[in-house]
**Q** 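Pasting a structure below so you can have a look.
Bear in mind the structure is a predicted one, so any value in this text is a computation, not a measurement.
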Amino acid sequence: MKQVFLILLIISSLACGKDPEPTIVVEKNDDTYSPSKVQPVLEEWQRKTFNYFYDGADPLTGMAYEGNERGTTVTVGGSGFGVMTIIAGSERGWITRQQAAERTQKIVRFLGKAERFKGMWSHWYNTDGTAHPFGNQIKTGDVIESSFMMTGLLTALEYYTSTSATETEIRDSIKSFWNTMDWRFYARSGNALQWLWFSQEDRLDLNIKGWNEGWIAYILALAAPDPHNISQDIYAKGWQSNGGIFHANQSFYGYNLPLGENKGGPMFFAHYSFLGLNPQKIEDNYANYWQQNVAHTMINRHYCIEEASTAYKYDERNWGLTACYGGKPPWNYSARSPTNDDGVIAPTAALGSYPYTPFYSTQVLMNLANMPLTHGTYGFADAYSPGTNTSEKKHLAIDQGPIVVMMENYRSGLIWNLMMKNEQVKLGLNRAGVKDKPAYKQGFHLAVINTLTNEYDMMRHPDRKLFELGYYLESGGSAKFTVTNKAQNKVVLEKTVTGNAGENVFEFDGLEILYGKQHTIKMIAPDNKEYTILTRLR
């Protein structure tokens with residue numbers, strides 16, 4: 001809340017005959033989103049959600065349960081997300097590195113004995129390693145779930161690098177899995193990767209075509225060793241639909257959205273493939289993936305706040321549509337989005353978007369932390385409805401995982417940094433036509449302006465305690481920054497820094513900055529070109 005304290009110094013002295021002095025207005029900084037307020041909440045709820053994958057995991061296998069009320073059925077994709085959360089927990093000090101390694105060792109041992117289908121895992125398993133029925137079929141290989149698991153395992157391959165017996169076993173197991181996953185078999189039609197193989201019928205089903213959560217499957221399939229990899233032709237015909245994936249002039253609420261469906265679809269499209277793949281570093285001939293995912297998030301938020309039914313009671317602290325349980329009893333599972341909305345919010349939608357919209361995600365986090373309605377055993381409930389004041393207290397692994405991992409990517413970049421240095425991932429991205437470096441333009445290249453306010457909302461990083469504004473330079477040299485309080489037209493900070501050619505971060509704070517107020521930030525680049533952005537500094 002904005003706080004304006006009026007100090008009325010009214011001196012009325014009839015004896016002295018003095019006129020009353022004027023009212024003095026003193027503005028106090030808004031500290032609602034200060035690091036001291038945000039960091040403890042972020043730490044608490046990231047850790048609680050992490051515990052779904054540690055304390056709440058299956059004790060025999062180390063795998064995550066599909067849901068905390070699904071009995072003993074364990075999930076492959078959700079456990080792949082869980083492998084990444086275990087790494088985050090180790091680095092945060094919530095568990096020791098040895099505990100993290102031993103848990104991961106337990107998981108890979110289970111995966112090694114589990115039924116596999118041309119090298120792919122099934123969607124769900126019983127704890128004895130037999131495939132659990134998916135739909136009406138039992139013996140089913142699942143490419144998407146297997147790709148989510150391999151994302152976690154490749155991240156683990158880069159993390160567990162010691163010569164200990166435990167970490168050596170983890171690496172050896174992951175390499176064995178990688179070398180035996182037959183992606184080419186799942187693309188034997190020659191037209192696209194297919195999602196499922198019903199082995200008892202020898203039938204492949206469901207073409208994987210973009211834009212959806214399946215991009216990571218293609219990146220891994222392209223990178224796989226011969227003879228198990230797929231061709232670039234299958235990638236072009238399948239995922240890219242020979243260019244049909246691209247919508248040159250598609251825009252919603254003023255945000256360009258070159259990929260994807262009307263108004264972006266459910267938020268997990270911007271999460272699942274990007275838990276390990278850093279969209280800031282990814283651009284091809286169709287899109288810059290950072291701008292795509294931020295726009296997707298902003299469209300989802302804009303719809304909730306401005307376009308949705310008022311009966312749903314969405315607002316700046318209650319937004320985010322993606323796949324979750326919810327709705328009128330009996331609670332149904334649905335991929336909610338701006339075009340499929342029934343008043344149900346999933347916390348994973350906003351919280352899994354932390355790197356894209358840190359301030360807006362924090363508004364949701366701080367609200368949820370004070371709403372017991374949304375609290376479950378391991379973090380936030382899977383879904384809630386502000387309009388009916390009801391919630392679904394279940395947890396789902398595929399919803400809990402993105403919260404932990406994307407919070408960590410915002411806080412430290414840990415999972416992105418590990419995954420993006422993997423040689424197989426680099427090869428897959430290269431074969432998919434991803435450029436060596438995105439062709440960013442000089443200026444504030446990562447900032448996406450809120451089209452409602454024409455502002456870029458910024459808060460201080462809760463761990464590093466400074467504002468961090470990305471900027472891009474065409475050539476290295478001195479860049480001069482000026483921060484001006486817009487209402488007062490007062491320069492509150494001037495700072496000259498040395499930037500490299502390419503991406504940089506301007507870190508700043510200042511005693512004269514009024515938090516919660518509009519400021520303009522101007523950069524004079526080394527070539528003397530000027531760039532200005534209107535911000536609200538929180």
**Q** How far apart are the C-alpha atoms of E66 and H132, what are their side-chain angles, what is the distance that settles it, and do they pass the side-chain contact (heavy atoms from CB on, under 4.5 Å) test?
**A** CA-CA 11 Å; E66 171 68 11; H132 186 84; over 6 Å; no
**Q** How far does CG of N318 sit from NZ of K313, to the nearest 0.5 angstrom?
**A**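 Separation between the atoms: 11.0 Å.
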**Q** Where do Y325 and N332 land on the side chain to side chain donor-acceptor pair (under 3.5 Å) test, with the steps shown first?
**A** CA-CA 5 Å; Y325 281 99; N332 66 299; over 6 Å; no
**Q** P402 and side chain to side chain contact (heavy atoms under 4.5 Å, CB included): which single residue from N409, L275, T322 fits?
**A**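 The single option meeting the side chain to side chain contact (heavy atoms under 4.5 Å, CB included) with P402 is L275.
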**Q** Restricting to pairs with a member in residues 274-303, which pass salt bridge (charged side-chain N to carboxylate O under 4.0 Å, His left out), not counting sequence neighbours?
**A**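 The answer is K281-E503, E283-K435.
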**Q** Can you check side chain to side chain donor-acceptor pair (under 3.5 Å) on T72 and N126, steps first, answer last?
**A** CA-CA 7 Å; T72 59; N126 303 310; 5.8 Å; no
**Q** Not counting sequence neighbours, list each pair that qualifies as a ring-ring contact (aromatic ring centres under 6.0 Å, His included) and has a residue in residues 90-109.
**A**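 Qualifying pairs: F50-W94.
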**Q** Using the side chain to side chain contact (heavy atoms under 4.5 Å, CB included) criterion, which residues pair with P40? Sequence neighbours excluded.
**A**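 P40: no side chain to side chain contact (heavy atoms under 4.5 Å, CB included) contacts found.
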**Q** For Y314 and D341: C-alpha separation, side-chain torsions, deciding distance, then whether side chain to side chain donor-acceptor pair (under 3.5 Å) applies.
**A** CA-CA 11 Å; Y314 298 158; D341 180 21; 2.7 Å; yes
**Q** Under the side chain to side chain contact (heavy atoms under 4.5 Å, CB included) rule, collect the residues that match up with S189, sequence neighbours excluded.
**A**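 S189: side chain to side chain contact (heavy atoms under 4.5 Å, CB included) contacts with N191, Q194.
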**Q** Just checking K237: does its NZ atom have more than 12 heavy atoms from other residues, nucleotides or ligands closer to it than 6.0 angstrom?
**A**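 More than 12 heavy atoms, drawn from other residues, nucleotides or ligands, come within 6.0 Å of this atom.
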**Q** Side chain of R336, backbone of G326: donor and acceptor closer than 3.5 Å?
**A**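 Judged by distance alone, yes, a pair lies under 3.5 Å.
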**Q** Measure from NZ or CZ of K48 to the centre of the six-membered ring of W45 and say whether it is under 6.0 Å with the direction within 45° of the ring axis.
**A**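 Yes, K48 lies over the aromatic ring of W45.
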**Q** Between K106 (side chain) and A101 (backbone), is there a donor-acceptor pair under 3.5 Å?
**A**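 Answer holds: no.
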**Q** Take atom CG of D233 as the centre, draw a 6.0 Å sphere, and report whether it contains more than 12 heavy atoms from other residues, nucleotides or ligands.
**A**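 Yes, CG of D233 has more than 12 neighbouring heavy atoms, counting only those of other groups under 6.0 Å.
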**Q** Within the structure provided, determine whether Y286 and Q240 are in side-chain contact (heavy-atom separation under 4.5 Å).
**A**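 Yes. Closest side-chain heavy atoms under 4.5 Å.
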**Q** Go through it in stages, so that I can follow the logic: the residues are T377 and N51, the test is side-chain contact (heavy atoms from CB on, under 4.5 Å), and I'd like the CA-CA distance, side-chain angles, deciding distance and then a yes or no.
**A** CA-CA 9 Å; T377 306; N51 279 329; over 6 Å; no
**Q** Would you say the side chain of I345 lies within less than 4.5 Å of the side chain of P386, judging by non-hydrogen atoms?
**A**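 With C-beta onward as the side chain, the pair touches.
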**Q** Side chains of Q292 and L257: closer than 4.5 Å at any heavy-atom pair?
**A**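 When only atoms from C-beta onward are counted, L257 and Q292 do touch, with a gap below 4.5 Å.
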**Q** I87 and side chain to side chain contact (heavy atoms under 4.5 Å, CB included): which partner among L414, V405, T104?
**A**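 Option passing the side chain to side chain contact (heavy atoms under 4.5 Å, CB included) with I87: L414.
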**Q** Quick one, I144 and Y272 - any side-chain contact, counting heavy atoms below 4.5 Å?
**A**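 The answer is no; the side chains never approach within 4.5 Å.
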**Q** Is there a side chain to side chain donor-acceptor pair (under 3.5 Å) between S337 and T339? Walk through the geometry before answering.
**A** CA-CA 5 Å; S337 72; T339 59; 3.2 Å; yes
**Q** Taking only residues two or more places apart in sequence or in another chain, which ones pass salt bridge (Lys or Arg N to Asp or Glu O under 4.0 Å) with E213?
**A**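 Counting only residues at least two positions away or on another chain, E213 forms no salt bridge (Lys or Arg N to Asp or Glu O under 4.0 Å).
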**Q** Do you know the tightest heavy-atom contact between P225 and N179?
**A**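 Scanning both residues completely, I find the closest heavy atoms to be CG-OD1, 3.7 Å.
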**Q** Show every salt bridge (charged side-chain N to carboxylate O under 4.0 Å, His left out) that has at least one partner inside residues 355-379, sequence neighbours left out.
**A**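 Qualifying pairs, neighbours excluded: none.
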**Q** Aromatic rings W215 and Y289: how do their planes relate, parallel, tilted or perpendicular, breaks at 30° and 60°?
**A**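 Answer is parallel, since the angle falls under 30°.
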**Q** Which pairs, with at least one residue in residues 157-170 and sequence neighbours excluded, count as a salt bridge (charged side-chain N to carboxylate O under 4.0 Å, His left out)?
**A**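 Sorted pair list: R97-E167, R109-E169.
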**Q** Considering residues at least two apart in sequence or located in another chain, which fulfil the salt bridge (Lys or Arg N to Asp or Glu O under 4.0 Å) criterion with K37?
**A**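 Counting only residues at least two positions away or on another chain, K37 forms a salt bridge (Lys or Arg N to Asp or Glu O under 4.0 Å) with D31.
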**Q** Does W239 form a side-chain contact (heavy atoms from CB on, under 4.5 Å) with I208? I'd like the steps, not just the answer.
**A** CA-CA 6 Å; W239 179 253; I208 304 172; 4.2 Å; yes
**Q** Could you check whether any side-chain heavy atom of F185 comes within less than 4.5 Å of a side-chain heavy atom of L204, counting everything from C-beta outward?
**A**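 In short, these two side chains touch, coming nearer than 4.5 Å.
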**Q** Check this for me: does any side-chain nitrogen of one of D202 and R188 sit under 4.0 Å from a carboxylate oxygen of the other?
**A**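 Salt bridge between D202 and R188, a charged N being under 4.0 Å from a carboxylate O: yes.
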**Q** How would you list, by chain and number, every residue that makes a ring pair (Phe, Tyr, Trp, His ring centres under 6.0 Å) with W290, sequence neighbours excluded?
**A**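 Partners of W290 under the ring pair (Phe, Tyr, Trp, His ring centres under 6.0 Å) test: Y356.
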**Q** Could you tell me if R103 sits above the aromatic ring of Y54, with its cationic atom closer than 6.0 Å to the ring centre and no more than 45 degrees from the axis?
**A**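 Yes, a cation-pi geometry.
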**Q** Please work out whether the ring planes of Y52 and H395 are parallel, tilted or perpendicular, with thresholds of 30° and 60°.
**A**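 Because their plane-to-plane angle is over 60°, the rings of Y52 and H395 count as perpendicular.
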**Q** Looking at NZ of K209 and CG of L193, how far apart are the two atoms once the value is rounded to the nearest 0.5 Å?
**A**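 That separation rounds to 11.5 Å.
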**Q** Heavy atoms, side chains only, cut-off 4.5 Å: are H228 and K118 in contact?
**A**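 Not touching, per the 4.5 Å side-chain cut-off.
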**Q** Any donor-acceptor pair under 3.5 Å linking the side chain of Q99 with the backbone of T96?
**A**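 Checked: pair present.
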**Q** Atom CZ of R431 and atom CD of Q232: how far apart are they, to the nearest 0.5 Å?
**A**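 With rounding to 0.5 Å, CZ (R431) is 7.0 Å from CD (Q232).
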**Q** Please state whether the rings of W211 and F274 are parallel, tilted or perpendicular, taking 30° and 60° as the class boundaries.
**A**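 Taking F274 first and then W211, their aromatic rings sit tilted (interplane angle of 30° to 60°).
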**Q** About how many Å separate OG of S162 and CD1 of I170, when rounded to the nearest 0.5 Å?
**A**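 So the CD1 of I170 and the OG of S162 are separated by 8.5 Å.
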**Q** For N285, does the CG atom sit with more than 12 other heavy atoms under 6.0 Å from it, leaving out its own atoms?
**A**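 Incorrect, the count does not exceed 12.
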**Q** Mind checking ring pair (Phe, Tyr, Trp, His ring centres under 6.0 Å) for W195 and listing every partner two or more places apart, or none if nothing turns up?
**A**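 W195 satisfies ring pair (Phe, Tyr, Trp, His ring centres under 6.0 Å) with no residue once adjacent residues are dropped.
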**Q** Filter on ring-ring contact (aromatic ring centres under 6.0 Å, His included), then keep only pairs touching residues 149-177, sequence neighbours left out; what's left?
**A**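 ring-ring contact (aromatic ring centres under 6.0 Å, His included) check on residues 149-177 returns W121-F177.
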**Q** Give me the atom names and distance for the closest heavy-atom approach of K113 to D128.
**A**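 Closest approach of K113 to D128: CE-O, 4.3 Å.
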**Q** Do Y125 and F110 have side chains that approach each other closer than 4.5 Å (heavy atoms only, starting at C-beta)?
**A**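 Of all side-chain heavy-atom pairs linking F110 with Y125, at least one is under 4.5 Å.
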**Q** Is there side-chain contact between I403 and Q46, with at least one heavy-atom pair below 4.5 Å?
**A**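 A side-chain contact under 4.5 Å is absent here.
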**Q** Can you name the ring pair (Phe, Tyr, Trp, His ring centres under 6.0 Å) partners of H461, sequence neighbours left out?
**A**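 Residues passing ring pair (Phe, Tyr, Trp, His ring centres under 6.0 Å) with H461: Y410.
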**Q** Testing the basics here: between F148 and G77, what is the closest heavy-atom pair and its distance to 0.1 Å?
**A**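 For F148 and G77, the tightest heavy-atom pair comes out as CB-CA, 3.7 Å.
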**Q** Assess the residue pair Y255 and V448 against the criterion (side-chain contact (heavy atoms from CB on, under 4.5 Å)); give the C-alpha distance rounded to whole Å, side-chain angles, the decisive distance to 0.1 Å, and a yes or no.
**A** CA-CA 9 Å; Y255 301 103; V448 175; 4.0 Å; yes
